[in-house]
Amino acid sequence: MIEVKNLVKNYGDHKAVKNLSFKVEKGQVYGFLGPNGAGKSTTMNIIIGYLSATSGEVIINGHSIFDEPEEAKKCIGYLPELPPLYQDMTVLEYLKFVAELKKVKKAKRASMIEEVMEMTKITDVSKRLIKNLSKGYKQRVGLAQAILGFPEIIILDEPTVGLDPKQIIEIRDLIKKLSKNHTIILSSHIMQEISAVCDHILIINKGELVAEGTPEELIELSQTTQEVKLRVKGNKSAIENLLKKIEKVHKFEFSISEEEGTVDVLVYAKKQQDIREELFKQFAKADMPILSMSAQTKSLEDIFLEVTGNKSKKLSSKKTEKPVKNNEQKTEDKKEDKTEENIEKIEEKAESEE
Amino acid sequence: MRAIYKREIGSYAHSMIGYAVVAFFLLIAGLFFWAVNLDGGSPSVGGTMANCMMIFILGLPVVTMRLLSDEQKQKTDQLLFSTPVSIWDVVLGKYFAAVTIFTIPFIAICTMPMVLKLYGDIDFLSNYAMIFAFWVLGNVFLALGLLISSWTDNQIVALVVSILLYLAIYYLPSIVTLMPETAMSSLIGFMIVVALLGLFVFIYVRNLIVTGLFVIIGEAALLIIYAIKSTVFESLFLNFVINISLSTRFSEFLNMKFDISTLVYYVSCIILFLYMTVQSVQKRRWS
């Protein structure tokens with residue numbers, strides 16, 4: 001579908017994109033994640049043919065964007081960070097203009113514009129001048145423009161930036177709806193945004209791809225060690241001796257406990273092992289009651305911070321060939337849970353703001 | 001191209017710029033027609049046209065200033081260049097829209113010879129040839145304005161640069177005539193031209209080595225020719241300026257002569273400026 005090979009973009013001495021390569025397969029939602037200034041927009045602008053690359057290749061449906069731009073561009077709809085709207089046109093005039101630019105057949109134009117306006121819920125503002133619309137409506141008109149002509153690939157650069165929670169949910173629902181028939185690439189610097197809608201995540205930092213995989217793959221890959229926080233009644237040296245004897249324990253760190261006669265300790269498990277049961281049994285045996293125990297698992301957010309903060313910790317799903325998906329249903333359930341969680345969070349936030 | 005053309009025409013209509021320029025043009029043309037032809041009794045619209053040259057300098061930059069600069073500023077060029085239209089489509093669509101707006105007042109101007117006919121015998125052919133040449137000259141200024149508009153994302157900058165450049169083009173022959181016609185002053189004139197071309201090359205390629213080589217080779221060639229045969233340079237610069245000057249060349253038409261070479265020169269300028277506009281837009285994708 002889209003193949004990006006060794007893409008490099010230099011602005012003078014500044015290297016915005018460094019040797020970026022990835023593939024986008026049909027029918028999935030790809031999330032392009034990275035901190036501000038990571039090179040997301042530059043990469044997207046190169047893919048859609050707005051910018052040229054210093055070196056490298058972008059192949060869209062078999063057409064190189066640099067050699068056959070018109071053929072390649074026919075397969076793409078693009079919503080840039082700032083919706084490219086002509087302020088002096090009405091919504092309908094604007095969409096007619098875009099339909100003509102995209103070479104939509106004259107007979108189909110009116111019905112297609114109607115359909116797109118329905119999907120993005122802008123039918124009631126169709127006769128208004130774009131300059132008089134609110135930010136949310138402008139964003140939706142921009143989105144309508146991108147999906148007009150129903151291209152195979154839809155690229156959205158930060159589509160929910162500046163929208164209120166209700167609008168964010170609507171746009172996400174729309175993206176999900178579109179993903180049934182289209183390949184979607186979406187960029188964001190917000191983790192929840194990406195984890196809510198994407199099947200596949202590409203994390204990019206300083207112009208380089210630092211991690212790639214499904215949300216679940218990324219979580220598993222980064223969980224090299226389980227961390228268990230314990231509060232144990234007993235003295236420090238006895239606990240130290242006991243922990244040293246447990247084979248599954250990789251290392252541990254003591255910290256000061258607020259409760260008298262107890263010790264707080266953070267225990268790191270050896271690679272990919274659950275040590276909670278073992279700890280419980282061993283401490284019980286040694287008559288040192290565990291007063292509290294909590295295992296910490298990494299969220300996607302931690303992974304994001306980890307890979308974008310420290311280049312040496314590169315992750316790639318390709319390097320460790322490990323079966324991750326046991327069954328697809330499970331993955332989907334998880335994703336939906338996560339989406340709902342996020343939406344709840346947003347709704348709560350909105351209520352508290354009110 | 002049609003989509004872009006239609007949008008631009010709509011935009012002129014929405015923004016009042018189109019109406020204002022057409023009204024301004026008709027007002028000035030009408031005033032001079034009354035003063036030169038009706039009151040002054042001249043049988044040729046040439047005088048009126050020559051006086052209308054100021055509209056080219058002050059009015060046409062208003063027509064072209066926002067054509068490409070505003071696309072950059074509003075980031076709407078991202079829409080144009082992510083859809084399957086070529087840069088030529090965009091540039092030509094915009095150019096023809098500007099030409100259309102500029103042509104509207106000519107419908108009124110074309111009635112001028114007919115009005116004059118009421119008062120006596122006039123040479124229709126040369127009058128209409130003059131109007132036609134004047135129209136083509138305006139189109140050259142529009143192409144140049146479009147090029148300037150592609151250099152910046154600020155329409156006011158485009159407006160000011162256009163007006164200054166048009167003034168320079170208009171007054172250059174008069175200024176050069178004032179200078180001595182010695183070989184030395186000609187040489188200095190050409191050296192300045194080479195330096196200016198060097199600046200232009202730098203704007204386009206942004207490469208000091210290429211620009212440096214261009215300027216050094218150019219200046220060295222001039223100095224060598226001067227050293228070998230300095231007489232070649234005598235009044236050469238003045239002739240050069242007169243030959244390339246858009247406004248001086250137009251005076252042939254004012255003398256009731258149909259000068260085909262001038263028309264060919266104008267059309268070549270239009271093609272050159274449009275080509276440079278396309279290159280300028282293309283270049284922005286690389287920088």
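Every chain is numbered from 1, with letters handed out A, B, ... down the list of sequences. The model shown is predicted, which means the values in this text are computed figures rather than measured ones.
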Notebook entry, point to check: By a 4.5 Å heavy-atom criterion (distance strictly below it), what part of Leu85(A) contacts chain B: side chain, backbone, both, or neither?
Noted result: backbone
Next item on the list: Could you tell me whether the side chain of Phe97(A) reaches within less than 4.5 Å of the side chain of Leu79(B), counting heavy atoms only?
Entry: yes
Note to self: Do Arg7(B) and Glu93(A) have side chains that approach each other closer than 4.5 Å (heavy atoms only, starting at C-beta)?
What the structure shows: no
Notebook entry, point to check: Got more than 12 heavy atoms from elsewhere within 6.0 Å of NZ, Lys96(A)?
Noted result: no
Notebook entry, point to check: Quick check: are there more than 12 heavy atoms from other residues, nucleotides or ligands sitting under 6.0 Å from NZ of Lys135(A)?
Noted result: yes
Note to self: I'd like to verify something: which residue of Glu71(B), Gln74(B), Arg2(B) has the highest number of heavy-atom pairs under 4.5 Å with chain A?
What the structure shows: Glu71(B)
Checklist line | Closest heavy-atom pair and its distance - Lys75(B), Leu82(A) | finding: CG-CD2, 3.9 Å
Note to self: Within this structure, what is the OG-NZ distance for the pair Ser52(A) and Lys283(B), rounded to the nearest 0.5 Å?
What the structure shows: 11.5 Å
Notebook entry, point to check: For Pro84(B), does its backbone N or O pair with a side-chain atom of Lys103(A) as donor and acceptor, under 3.5 Å?
Noted result: yes
Next item on the list: Examine whether an atom of Glu71(A) lies under 4.5 Å from a heavy atom of chain B, and if so say whether it belongs to the side chain, the backbone or both; otherwise answer neither.
Entry: neither
Notebook entry, point to check: What part of Ser15(B) gets closer than 4.5 Å to chain A, counting heavy atoms only: side chain, backbone, both or neither?
Noted result: neither
Margin query: Which one wins on heavy-atom pair count under 4.5 Å against chain B: Pro84(A), Gly77(A), Pro83(A)?
Written below: Pro84(A)
Next item on the list: Indicate yes or no for a side-chain donor-acceptor contact from Lys73(A) to the backbone of Phe81(B) under 3.5 Å, with no hydrogens or angles considered.
Entry: yes
Check: Do the non-hydrogen side-chain atoms of Gln87(A) and Asp70(B) ever get within less than 4.5 Å of each other?
Finding: no
Check: Quick one: what part of Ala53(A) sits under 4.5 Å from any heavy atom of chain B, side chain, backbone, both or neither?
Finding: backbone
Notebook entry, point to check: Measuring heavy-atom distances to chain A, does Asp77(B) have an atom under 4.5 Å in its side chain, in its backbone, in both, or in neither?
Noted result: both
Item checked: chain B contacts, top residue of Ile48(A), Ile46(A), Ile47(A), Leu79(A) (heavy-atom pairs, under 4.5 Å) -> Ile48(A)
Check: With side chains defined as the heavy atoms from C-beta onward, is the minimum distance between Ile76(A) and Thr83(B) less than 4.5 Å?
Finding: no
Notebook entry, point to check: Can a salt bridge be assigned to the pair Lys6(B) and Glu100(A) using a cut-off of 4.0 Å between side-chain N and carboxylate O?
Noted result: yes
